[in-house]
Amino acid sequence: MNDIDAPLQEPLSAEALEARLRSIGEQRYHHRHPFQLMLQNGELDRRQVQAWALNRYYYQAMIPHKDASLIARFDDPALRREWRSRLVDHDGEAEGEGGIARWLMLTDGLGLDRDMVVSTRHILPTTRFAVDAYIHFVRERSVLEAIASSLTELFSPMVIGQRVSGMLKHYDFVSAETLAYFEPRLTQAPRDADMALDYVKRHARRLDQQQAVLDALIFKCNVLWTQLDALHHAYVAPGHVPPGAWGDTGAADDR
């Protein structure tokens, strides 16, 4: 058993708690997943990159649902105002703006039918189950746990840089314009992570609270890892696409 999997025996200082959280990210974040490494190293074909973008859309599209449900649970107006920026980041201030619109530029650029993407009808069942589990976690667990689950954003900039540079280097079917989603995230994610980390360090003082925070981050890392597991199983090896998912020869509107 890794040290990060061992239950806490006594409360940690705020600094030690942060160090433990960062250790979880180093060991469990999906920067180590084989599918992620293949994506950034140019080892996937166009179809496999399309499958990644299609399935990831569901995660991107559900983030505002997650954040809106969390904001509704905040009693502190200042916290609501601060968290509200996440909704704007993804939904934009107007039609055609925000992270979701930029993700659709990626799926458009990869040649996927936009109506099919937005419908989410042909995503992998595991993608839907994993993302929905995250939404339910945020709605049903304590506010502290819900905020802690967002701390994967501490680690996302290192993946974004590798992903973008690798994809631009290796794939002639993507461009800086189609990957435009990622550039704003290099500043948005650290801002959001710093705020969430500060909240967790101030409010997780008891042993049970700190253990819950650590478990929440492990859960979120598992959500992200599971999505890549599903993509690898369906589109890389062994290559078993579930019935009705994109790439299944029997799926309708598979464009």
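Only a predicted model underlies this, so the values are computations on that prediction, with no experimental measurement involved.
Exactly one residue among Lys220, Arg191, Arg86 makes a salt bridge (charged side-chain N to carboxylate O under 4.0 Å, His left out) with Glu153. That residue is Arg86. Put simply, the residue from Leu231, Val117, Thr127, Thr107 that forms a side chain to side chain contact (heavy atoms under 4.5 Å, CB included) with Leu54 is Val117. The only member of Val131, Ile71, Val138 that meets side chain to side chain contact (heavy atoms under 4.5 Å, CB included) when paired with Lys66 is Val138.
Rounded to the nearest 0.5 angstrom, Arg73 CZ and Arg141 CZ are separated by 11.0 Å. Remark: Leu144 CG to Arg202 CZ distance equals 11.0 Å, nearest 0.5 Å. Taking NE2 of His122 as the start and CG of Leu112 as the end, the distance is 11.5 Å to the nearest 0.5 Å. How far NE2 of His30 is from CG of Asp229: 12.0 Å, rounded to the nearest 0.5 Å. The CG atom of Leu151 sits 9.5 Å away from the CD atom of Glu18 when rounded to the nearest 0.5 Å. Atoms CZ and CD, on Arg56 and Gln227 in that order, are 6.5 Å from each other to the nearest 0.5 Å.
Looking only at distances, a side-chain donor or acceptor of Gln9 sits under 3.5 Å from a matching main-chain atom of Pro7. At least one donor-acceptor pair under 3.5 Å links the side chain of Gln50 to the backbone N or O of Leu110. Counting only distance, with no hydrogens or angles, the side chain of Glu97 and the backbone of Ala94 share a donor-acceptor pair below 3.5 Å. Of the possible donor and acceptor atoms, one in the side chain of Asn55 sits under 3.5 Å from a partner among the backbone N and O of Ala51.
Under the 4.0 Å criterion applied to side-chain N and carboxylate O atoms, Arg80 and Asp76 are not assigned as salt-bridge partners. At a threshold of 4.0 Å, the pair Arg47-Asp45 does not count as salt-bridged, since none of the basic side-chain nitrogens sits closer than that to a carboxylate oxygen. In summary, Glu26 and Arg32 engage in a salt bridge, as defined by a charged side-chain N under 4.0 Å from a carboxylate O.
When side chains are defined from C-beta on, Pro184 does not count as touching Asp89, because their heavy atoms never get closer than 4.5 Å. Using a 4.5 Å heavy-atom threshold, the side chains of Leu39 and Gln36 count as touching. Side-chain contact between Ile147 and Ser142 is absent, with no heavy-atom pair separated by less than 4.5 Å. Under the 4.5 Å side-chain criterion, counting only non-hydrogen atoms from C-beta, Leu17 is in contact with Leu21. Side-chain contact between Met105 and Thr178 is absent, with no heavy-atom pair separated by less than 4.5 Å. Residues Arg114 and Val118 have side chains in contact (heavy-atom distance under 4.5 Å, counting atoms from C-beta outward). Within the 4.5 Å cutoff, the side chain of Leu179 has heavy atoms near those of the Leu106 side chain. In this structure the side chain of Glu145 reaches within 4.5 angstrom of the side chain of Phe137, judged on heavy atoms.
Between Tyr134 and Asn222, the side chains place no donor N or O within less than 3.5 Å of an acceptor N or O (distance only, hydrogens not considered). Between the side chains of Gln210 and Arg20, no donor N or O sits under 3.5 Å from an acceptor N or O. Of the N and O atoms on the side chains of Tyr181 and Gln60, at least one donor lies less than 3.5 Å from an acceptor on the other residue. For the residue pair Gln188/Arg185, the side-chain donor-acceptor check at 3.5 Å is satisfied.
For CD of Glu140, the number of neighbouring non-hydrogen atoms (other residues, nucleotides, ligands) closer than 6.0 Å is greater than 12. Atom CD of Glu183 sits in a sparse spot, with 12 or fewer heavy atoms from other residues, nucleotides or ligands closer than 6.0 Å. Atom CZ of Phe173 has more than 12 neighbouring heavy atoms from other residues, nucleotides or ligands inside a 6.0 Å radius.
Counting all heavy atoms, side chain and backbone alike, Ala61 lies closest to Ile100 at CA-CD1, 3.8 Å. When every heavy atom of His90 is checked against every heavy atom of Pro64, the shortest pair comes out as CB-CG, 3.7 Å. What you find for Tyr171 and Glu43 is that their closest heavy atoms are OH-N, 3.4 Å. The nearest pair of heavy atoms linking Asp248 to Pro242 is CB-O, 3.6 Å. For the pair Leu124 and Ala245, the tightest heavy-atom approach, listed with the atom from each and the gap, is CD2-CB, 3.8 Å. Of all heavy-atom pairs between Pro157 and Leu186, the closest is O-CD2, 4.0 Å.
Hydrophobic clustering keeps Tyr59 apart from Phe129 (ILVMFWY residues linked when any side-chain heavy atoms are closer than 4.5 Å, directly or through intermediates). Neither Leu37 nor Leu228 shares a network with the other; the hydrophobic side chains, linked directly or stepwise wherever heavy atoms of I, L, V, M, F, W or Y lie under 4.5 Å apart, form separate groups for each. Placement of Leu8 and Leu217 within a single hydrophobic cluster is found when ILVMFWY residues are connected by side-chain heavy-atom separations under 4.5 Å, directly or transitively. Following chains of ILVMFWY side-chain contacts shorter than 4.5 Å, one can reach Ile24 starting from Leu207, so the two form part of one hydrophobic cluster.
The distance between the ring centers of Trp246 and Trp52 does not fall below 6.0 angstrom. Trp225 has its ring centre less than 6.0 Å from the ring centre of His33.
Arg128 forms a cation-pi arrangement with Tyr58, by the criterion of a distance under 6.0 Å to the ring centre and an angle within 45° of the ring axis.
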Would Tyr57 and Ile123 count as a side-chain contact (heavy atoms from CB on, under 4.5 Å) if you check the C-alpha gap in whole Å, the side-chain angles of each, and the deciding distance to 0.1 Å?
CA-CA 9 Å; Tyr57 171 79; Ile123 63 173; over 6 Å; no

Going through the distances and angles, do Tyr199 and Leu79 end up as a side-chain contact (heavy atoms from CB on, under 4.5 Å)?
CA-CA 10 Å; Tyr199 182 96; Leu79 185 56; 3.8 Å; yes

Evaluate the salt bridge (Lys or Arg N to Asp or Glu O under 4.0 Å) criterion for residues Asp5 and Arg28: first the C-alpha distance (whole Å), next the side-chain angles of each, then the deciding distance (0.1 Å), finally the verdict.
CA-CA 11 Å; Asp5 295 314; Arg28 289 181 175 267; 2.3 Å; yes

Give the C-alpha distance, both sets of side-chain angles, the deciding distance and a yes or no for side-chain contact (heavy atoms from CB on, under 4.5 Å) between Leu224 and Phe155.
CA-CA 12 Å; Leu224 297 173; Phe155 321 111; over 6 Å; no

Between Gln209 and His203, is a side-chain contact (heavy atoms from CB on, under 4.5 Å) present by the stated rule, with each step listed?
CA-CA 8 Å; Gln209 292 173 326; His203 290 85; over 6 Å; no

